[in-house]
Amino acid sequence: MLSEININIMNYKDFKNIHKDKKIVVCGLGTSLLQLENPENYITIGVNDVSRLFSPTYLLIGNNRNSFNDDRWQLIKNTNSKYIFTHIDKLDVPEEKKIIYKLGKYN
């Protein structure tokens with residue numbers, strides 16, 4: 001699982017196929033999340049402040065800090081997720097968890 005990743009190499013490409021042939025639950029912020037029992041038993045990818053309900057394996061942040069009120073931001077910043085994926089270079093989250101990815105071009 002995550003121990004397969006060399007944590008000294010913090011690069012988006014290092015995650016390619018890391019969970020090949022395994023089931024992954026992608027979690028938004030909708031009410032259906034309340035139906036997910038024992039999320040710790042799954043590999044999960046969550047967005048923004050999903051940590052309000054549980055800490056996903058991976059957290060994806062697509063918005064700047066100013067998009068979140070202080071309460072939501074503290075949940076994001078203090079997540080127990082193993083890694084935080086974002087395209088925002090200077091996002092104020094723990095550096096040891098931050099994985100930067102590049103967005104494609106619009107259109």
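The residues of the chain are indexed from 1 along the displayed sequence. None of these values were measured; they are calculated from a predicted model.
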statement: Across all chains, not counting sequence neighbours, the side-chain hydrogen bond (donor to acceptor under 3.5 Å, both in side chains) partners of D71 are R52

Side-chain heavy-atom pair T86, L60 within 4.5 angstrom cut-off: no

- request: Kindly write out the residues that satisfy side-chain hydrogen bond (donor to acceptor under 3.5 Å, both in side chains) with D70, not counting sequence neighbours, or none if the list is empty.
  value: R65

message: Test of understanding: clusters of I, L, V, M, F, W, Y form through side-chain heavy atoms closer than 4.5 Å, transitively. Do V93 and I99 belong to the same one?
response: yes

statement: Output for pair (C27 SG, N48 CG), nearest 0.5 Å, gives 12.5 Å

- prompt: Thinking salt bridges, do K102 and D89 make one under a 4.0 Å N-O criterion?
  reply: yes

- prompt: In Å, rounded to the nearest 0.5 Å, how long is the span from CG of D49 to CG of N78?
  reply: 12.5 Å

message: Does any part of the side chain of F54, heavy atoms only, come nearer than 4.5 Å to the side chain of N80, both counted from C-beta?
response: no

query: If you look at every heavy atom in G46 and P56, which pair is closest and at what distance?
result: N-CB, 3.6 Å

message: Please determine whether residues F68 and L75 belong to a single hydrophobic cluster, defined as Ile, Leu, Val, Met, Phe, Trp and Tyr linked transitively by side-chain heavy-atom distances below 4.5 Å.
response: no

message: Quick check for you: to the nearest 0.5 Å, what is the distance between Y83 atom OH and I45 atom CD1?
response: 14.0 Å

query: Between the side chain of N64 and the main-chain N/O of S67, is any donor-acceptor distance below 3.5 Å?
result: no

task: Return yes if some donor-acceptor pair links the side-chain N/O of K98 with the main-chain N/O of L91 below 3.5 Å, else return no.
output: yes

message: Ring-plane angle category for Y101 and H87, please: parallel below 30°, perpendicular beyond 60°, tilted otherwise.
response: tilted

query: Within the side chain of S55, is there an N or O that forms a donor-acceptor pair under 3.5 Å with the backbone of T79?
result: no

query: Do any N or O atoms from the side chain of K97 and from the backbone of K77 form a donor-acceptor pair under 3.5 angstrom?
result: no

query: Are any side-chain N or O atoms of S51 and backbone N or O atoms of I76, one a donor and one an acceptor, separated by less than 3.5 Å?
result: no

message: Whether the side chain of T44 engages the backbone of T57 through a donor-acceptor N/O pair (distance < 3.5 Å, no angle test) should be reported.
response: yes

- prompt: Going from CZ on F15 to CZ on F85, what distance comes out if it is rounded to the nearest 0.5 angstrom?
  reply: 4.0 Å

Donor-acceptor pairs are to be reported for all side-chain atoms of residues 28-38 against protein atoms at under 3.5 Å, with residues two or more places apart or in another chain.
none

Separation between NZ of K20 and NZ of K16, rounded to the nearest 0.5 Å: 9.5 Å

